[in-house]
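Read the structure below first, then the notes.
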Amino acid sequence: MAYGKTIELFLVNGTADSVITAELSNWNGKAIKIPRIEVKNCNRQDIQQPGVYFLFCKEDDGTESVYIGEAENVKVRLIQHLQAYDTDNEPYYWTTAVIFIGRDLNEALIRYLENRLVEIAKKSKRYKVLTKSTYKNTVLKESDYAVMDEFIDDVKIVVNALGYKVLEPLLQEGVNGNPIDELLYISSGALNAKGKVTPEGFVVLQGARIYDKPAKSLSGGIVKLREKYISEEKVKDWTTTEDLLFSSSSAAADFILGYSASGPKVWKNKDGKSLKEIEAEKDK
């Protein structure tokens, strides 16, 4: 059972565009969100502590990426990143850093945190992960593993609350408040797909077979999305290679079928009941 959480956000300079601190109830950690342009002149003591950090980047085409790192003095490390970019030794440009510090964090603990956070971010597939290598074999006491894994659970909550779903899988088990928690299907000739309604929209599961000759009437947005996912090899041989998020069940249906369709009508459960019928029953 999930319990409610309280997160305290503090706008250090009175604006959401500047430094923000975030603290979770009953947590010995702390998050500091700071814009790139404020790092050099920031004299806060907390960003000079050992911790892990996320550097968030966004390309002109909308592609999102993240670098996840660790440092015994986070500010010093962030300035090194800035200098590396200025001297063409770092190719990516990040706009925002989110730093996590905690009581009694040391070199071994932050190395463990960095490695686990990179693993989780790669598995979630929300962002392109820019981190090339981590310390994969950090040895800790059994009790330290338990404490750090709990710390990571809290990092997931806080970084999500700050607006970055970098550690969240598209499909989450046992999410409260999701009124339709069952698999839905499209099957038409050689085409077949499984999907699920989520709080963010509609997720088409990996392995969906899509139509290779879309209709001329298919919306330009879906055509471009197909092209994008093919170029990124998220669709290979007309089959999805990973779970894909869409804004609605209709957008997902259009993507699969190659023509405009009503998602609520064409997505059906294993008993043949349409999403529209399921939603109508839930509303009673």
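Starting from 1, each residue takes its place in the sequence as its number. Computed from a predicted structure; not experimentally measured.
- Look at E279 and K276 and you find no salt bridge, because none of the NZ, NE, NH1 or NH2 atoms lies under 4.0 Å from a carboxylate O.
- For residues 137-163, every residue pair satisfying the ring pair (Phe, Tyr, Trp, His ring centres under 6.0 Å) rule, not counting sequence neighbours, is listed here: W27-F151, Y112-Y145.
- Other residues, nucleotides and ligands contribute over 12 non-hydrogen atoms within 6.0 Å of the CG atom of D86.
- Sorted by first then second residue, the ring pair (Phe, Tyr, Trp, His ring centres under 6.0 Å) pairs that include residues 223-266, not counting sequence neighbours, are Y229-F255, F246-F255.
- Residues satisfying the side-chain hydrogen bond (donor to acceptor under 3.5 Å, both in side chains) criterion with K273, sequence neighbours excluded, are E281.
- Side-chain polar atoms of S18 and E38 form a donor-acceptor pair below 3.5 angstrom.
- Residues L167 and W94 fall into different hydrophobic clusters, defined by Ile, Leu, Val, Met, Phe, Trp and Tyr side chains chained together at heavy-atom separations under 4.5 Å.
- A chain of hydrophobic side-chain contacts below 4.5 Å, direct or via other Ile, Leu, Val, Met, Phe, Trp or Tyr residues, connects I230 to I222.
- For CG of N89, the number of neighbouring non-hydrogen atoms (other residues, nucleotides, ligands) closer than 6.0 Å is greater than 12.
- Of the possible donor and acceptor atoms, one in the side chain of T198 sits under 3.5 Å from a partner among the backbone N and O of G201.
- Residue pairs meeting the ring pair (Phe, Tyr, Trp, His ring centres under 6.0 Å) criterion with at least one member in residues 185-227, sequence neighbours excluded, are F202-W267.
- Checked by atom type, the side-chain pair Y85/Q83 shows no donor-acceptor distance below 3.5 Å.
- Within 6.0 Å of the NZ atom in K234, the count of heavy atoms belonging to other residues, nucleotides or ligands exceeds 12.
- Taking V223 as the reference, L218, E227 meet the side-chain contact (heavy atoms from CB on, under 4.5 Å) condition, with sequence neighbours excluded.
- Counting non-hydrogen atoms of other residues, nucleotides and ligands closer than 6.0 Å to CD of Q206 gives a total above 12.
- Among pairs with a residue in residues 122-145, those fulfilling salt bridge (charged side-chain N to carboxylate O under 4.0 Å, His left out) read R126-E200, at least two apart in sequence or across chains.
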Apply side-chain hydrogen bond (donor to acceptor under 3.5 Å, both in side chains) to the pair T15 and N13, showing each step before the final yes or no. CA-CA 6 Å; T15 171; N13 297 315; over 6 Å; no
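- Heavy-atom neighbours of K40 NZ from other residues, nucleotides or ligands within 6.0 Å: at or below the threshold of 12.
- Of the options I152, V155, V129, V166, a side chain to side chain contact (heavy atoms under 4.5 Å, CB included) to I120 is made by I152 and by none of the others.
- Applying the 6.0 Å contact sphere to CG of N106 captures more than 12 heavy atoms from other residues, nucleotides or ligands.
- For F54 and Y67, the distance between ring centers is not under 6.0 angstrom.
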